[in-house]
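Note sheet for the following structure.
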Amino acid sequence: MRHQHAVIHHRGLDFWSARAAVLVIICLQLLVINNLSFGPRWLAPTIEAALLMPLSVATAWTQMQTQKAVDHEHWYTIGRLRLYIRRTALVMTGVISIMNCGSLVFLVRALLEGHAGAGTTLLVDALNIWVTNVIVFALWFWSTDRGGPPTCGLVKRAQADFLFPQMTLPDREIQGWLPGFVDYVFLAFTNATAFSPTDTLPLTQRAKLLMMAEAMISLLTIALVAARAVNILA
């Protein structure tokens, strides 16, 4: 059963890159200039940090335990923990998504009511929301494609949500290639800037809905908020 958990080691950098991405989001939320958060400014970062800490500890524990596990009971325990890791990660990503959408709603409302602050602060907050949007959807893509990394090797015949260019190449060296977290960041970035698929195509309804949601948030941020801010500066 060791090969079923090999992803914990082979893609260890992806797991920690995703954890670091959440830290970046927490910092961005603390840097929002206008009052655009549910409750106190520290509420969202505190909830996310409270989920991130045990999630990181559990990830580190599974990486160590896969090297020591020798019997079925150990592998079963690791497998169950990996599923809990996935669920906790999805909850954390959902919290971030809600908070970021809430910030955008508050900013749009402030624009419509005419008390959204100076044009410079609008630009900074719009850029903040846009970058957070890219990162959070990179996390969604990474954690849902093929059931997500935590379930890789545990769920048989997991359907691919995205078709990456490498998957269409006939080269033997690329056979068995799997996308990493950076690939999903690139996917989220291009979707947020082009408002449509570029080199990577969505294959499932879930993937299409996620890409639609990201493009809609990005379009609203750029077209309404950023355009209004530029108008104020002019």
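As the structure is a prediction and not an experimental result, all values here were calculated from the model.
- Atom CG of L127 is separated from atom OG1 of T132 by 9.0 Å, given to the nearest 0.5 angstrom.
- In this structure, F186 has no ring pair (Phe, Tyr, Trp, His ring centres under 6.0 Å) partners at least two apart in sequence or on a different chain.
- Pairing each heavy atom of P179 with each of Y184, the nearest pair is CG-OH, 3.0 Å.
- The line from CD1 of I96 to CD1 of I47 is 11.0 Å long, rounded to the nearest 0.5 Å.
- Both I129 and L219 are members of a single hydrophobic cluster when ILVMFWY side chains are connected at heavy-atom separations under 4.5 Å.
- The shortest heavy-atom contact between E214 and A188 is OE2-O, 2.6 Å.
- Linking Ile, Leu, Val, Met, Phe, Trp and Tyr residues whenever their side-chain heavy atoms come within less than 4.5 Å places V91 and F141 in a single cluster.
- Taking T198 as the reference, T190 meet the side-chain hydrogen bond (donor to acceptor under 3.5 Å, both in side chains) condition, with sequence neighbours excluded.
- Checked against side chain to side chain contact (heavy atoms under 4.5 Å, CB included), V185 has the following partners two or more places apart in sequence or in another chain: A138, F181.
- D125 pairs by the side-chain hydrogen bond (donor to acceptor under 3.5 Å, both in side chains) definition with N34, not counting sequence neighbours.
- Here the CG-NZ distance, from L201 to K208, works out to 9.5 Å after rounding to the nearest 0.5 Å.
- Residues L220 and L104 form a side-chain contact, since some pair of their non-hydrogen atoms from C-beta on lies under 4.5 Å apart.
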Under 3.5 Å donor-acceptor pairs involving side-chain atoms of residues 22-32, not counting sequence neighbours:
unit_1, atom_1, unit_2, atom_2, d
Q29, NE2, E48, OE2, 3.0

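- Hydrophobic cluster membership is shared by M92 and L43, with clusters built from Ile, Leu, Val, Met, Phe, Trp and Tyr side chains linked at under 4.5 angstrom.
- Residues satisfying the side-chain hydrogen bond (donor to acceptor under 3.5 Å, both in side chains) test with S218, not counting sequence neighbours, are W130.
- C101 has its side chain within reach of I217: a pair of non-hydrogen atoms, C-beta onward, lies under 4.5 Å apart.
- Residues passing the side-chain hydrogen bond (donor to acceptor under 3.5 Å, both in side chains) test with T46: none are found, sequence neighbours excluded.
- Judged as a side chain to side chain contact (heavy atoms under 4.5 Å, CB included), and not counting sequence neighbours, the contacts of T200 are F162, F164, P165, L187.
- A heavy-atom distance below 4.5 Å is not found between the side chains of M211 and F137.
- If you chain together hydrophobic residues whose side chains sit under 4.5 Å apart, I98 and V95 fall into the same group.
- In terms of heavy-atom proximity, G180 sits nearest to W142 at C-CD1, 4.4 Å.
- From M212, atom CE reaches atom CE of M216 across 8.0 Å, with rounding to the nearest 0.5 Å.
- Atom CZ of F189 has 12 or fewer neighbouring heavy atoms from other residues, nucleotides or ligands inside a 6.0 Å radius.
- Interatomic distance, S56 OG to L51 CG, rounded to the nearest 0.5 Å: 10.5 Å.
- How far CZ of R206 is from CG of D161: 4.0 Å, rounded to the nearest 0.5 Å.
- Pairs engaging residues 93-102 under the side chain to side chain donor-acceptor pair (under 3.5 Å) rule: S97-W140 [sequence neighbours left out].
- Counting all heavy atoms, side chain and backbone alike, A192 lies closest to I222 at O-CD1, 4.3 Å.
- The shortest heavy-atom contact between S143 and L139 is OG-O, 2.7 Å.
- Scored by the side chain to side chain contact (heavy atoms under 4.5 Å, CB included) test, A215 finds N191, F195 as partners (sequence neighbours excluded).
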